[in-house]
Novice: 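Input: one structure, supplied below.
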Amino acid sequence: TGCPDWRHTGHIFQRWLVSNSPCTDWFGVTCAVRDGQLRVTGIDMSGGPGPFGQETGNNLTGEFPDTLGNLAYLERLDLSFNRLNAALPPEIGHLDQLTVLRLINTGLTGQIPGQIGYLEDLTELDIHGGPTRFTGGLPAQLGRLTNLRILVLGQWVGATGPAQEPIPMGQLPPELGLLTNLEVLRI
């Protein structure tokens, strides 16, 4: 499936590895007919409330596979509440059909790549929480995302300080003023 760098403690990807298994049978994957063929249009590997109210994911670890950018018909990607502990790869910019990108509490590191500005259909971008530790400022290319209605970005102190206390990400680029459809902004 092109995700060999992702690791999981269970067997949720077992059907992904069977080449003759239709994507409609794959855990966390949504498919639809596009250009006359069945295509992957959504990936939701996010977690939910655990037994004690904590958020739990699907125990994904590792880096984002570069091949994720090959999913040309992907419209929704939610990998929240996993421990990817990696940088968001520049190939994210290849997902030009993406409308929702949620990467909450994933342990992202590094810079948000400028290629994120190629996701012009994006209406929701939520990358914050937990051990997320960005470096550098916000890319000016975020100003290209003129369809955005929800923008949530940030680093959070969590275990080393008060919960939900934002850590500054540097100066906000003036290009954020181009996001005229924005309804929710949390940075």
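Counting begins at 1 with the first residue of the sequence. Being a predicted model, the structure only gives us computed values, none of them experimental.
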Novice: Looking at CG of Asn70 and CD of Glu91, how far apart are the two atoms once the value is rounded to the nearest 0.5 Å?
Specialist: 8.5 Å
Novice: Can you name the salt bridge (charged side-chain N to carboxylate O under 4.0 Å, His left out) partners of Glu124, sequence neighbours left out?
Specialist: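 With neighbours one apart ignored, the set is Arg102.
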Novice: For Asp44, what residues pass the side-chain contact (heavy atoms from CB on, under 4.5 Å) criterion, not counting sequence neighbours?
Specialist: Ser46, Asp78
Novice: Run the side chain to side chain contact (heavy atoms under 4.5 Å, CB included) check on Leu98 and Asp121 step by step: do they pass?
Specialist: CA-CA 6 Å; Leu98 208 61; Asp121 289 340; over 6 Å; no
Novice: Under the salt bridge (charged side-chain N to carboxylate O under 4.0 Å, His left out) rule, collect the residues that match up with Arg39, sequence neighbours excluded.
Specialist: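 Checked Arg39 against salt bridge (charged side-chain N to carboxylate O under 4.0 Å, His left out); zero matches.
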Novice: Applying the 4.5 Å side-chain criterion to the ILVMFWY set and letting contacts propagate, would Val100 and Leu153 be lumped into a single cluster?
Specialist: no
Novice: Just to verify, what does Tyr73 make a side-chain hydrogen bond (donor to acceptor under 3.5 Å, both in side chains) with, not counting sequence neighbours?
Specialist: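 Listed in chain order: Asp35.
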Novice: Could you check whether any side-chain heavy atom of Leu101 comes within less than 4.5 Å of a side-chain heavy atom of Leu95, counting everything from C-beta outward?
Specialist: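 A side-chain contact is absent here, since even the closest heavy-atom pair is not under 4.5 Å.
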Novice: Just how far is it from atom CD of Glu183 to atom CD1 of Ile150, taken to the nearest 0.5 Å?
Specialist: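 Taking CD in Glu183 and CD1 in Ile150, the distance rounds to 7.0 Å.
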Novice: Determine the minimum heavy-atom distance between Phe81 and Asn105, stating which atoms define it.
Specialist: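 Looks like CE2-ND2, 3.1 Å.
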Novice: Can you see which heavy atom on Tyr118 is nearest to which on Arg144, and at what distance?
Specialist: CE2-NH1, 3.1 Å
Novice: Evaluate the side-chain proximity of Thr180 to Thr146: yes if any heavy-atom separation is below 4.5 Å, no if none is.
Specialist: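 A side-chain contact is absent here, since even the closest heavy-atom pair is not under 4.5 Å.
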Novice: Please answer: with hydrophobic residues joined when any side-chain heavy atoms are less than 4.5 Å apart, are Leu74 and Phe27 in the same cluster?
Specialist: yes
Novice: Quick one, Leu77 with Leu68, criterion side chain to side chain contact (heavy atoms under 4.5 Å, CB included). Give me CA distance, side-chain angles, the key distance, then yes/no.
Specialist: CA-CA 10 Å; Leu77 177 60; Leu68 192 64; 3.8 Å; yes
Novice: Any side-chain heavy atom of Leu125 sitting closer than 4.5 Å to one from Leu119?
Specialist: no
Novice: Check salt bridge (charged side-chain N to carboxylate O under 4.0 Å, His left out) between Arg34 and all other residues, then give those that pass, not counting sequence neighbours.
Specialist: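 Applying salt bridge (charged side-chain N to carboxylate O under 4.0 Å, His left out) to Arg34 gives Glu75.
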Novice: Is it the case that the side chain of Thr99 and the backbone of Thr123 share a donor-acceptor pair, with hydrogens and angles ignored and the cut-off at 3.5 Å?
Specialist: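 Such a contact is absent between Thr99 side chain and Thr123 backbone.
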Novice: Say you draw a straight line from CG of Asn147 to CZ of Arg149; how long is it, rounded to the nearest 0.5 Å?
Specialist: 9.5 Å
Novice: Glu63 and Ala86: which non-hydrogen atoms are nearest, and at how many Å?
Specialist: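 Looking at all heavy atoms of both residues, the shortest contact is CA-CB, 3.6 Å.
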Novice: If the condition is side-chain contact (heavy atoms from CB on, under 4.5 Å), which residues does Leu182 pass it with, not counting sequence neighbours?
Specialist: Leu148, Leu151, Leu179, Leu185
Novice: Between the side chain of Asn82 and the main-chain N/O of Ser80, is any donor-acceptor distance below 3.5 Å?
Specialist: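 Yes; at least one donor-acceptor contact below 3.5 Å.
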Novice: Excluding sequence neighbours, so at least two apart, what forms side-chain contact (heavy atoms from CB on, under 4.5 Å) with Gln111?
Specialist: Thr135
Novice: Go through the structure and list residues passing side-chain contact (heavy atoms from CB on, under 4.5 Å) with Pro113, not counting sequence neighbours.
Specialist: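 side-chain contact (heavy atoms from CB on, under 4.5 Å) check on Pro113 returns Leu88, Ile92, Gln115.
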Novice: Do Leu122 and Leu178 share a hydrophobic cluster, counting only Ile, Leu, Val, Met, Phe, Trp and Tyr and linking them when any side-chain heavy atoms are less than 4.5 Å apart?
Specialist: no
Novice: For Pro139 versus Pro173, what's the shortest heavy-atom pair and its separation?
Specialist: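 Shortest heavy-atom contact: O-CG, 3.9 Å.
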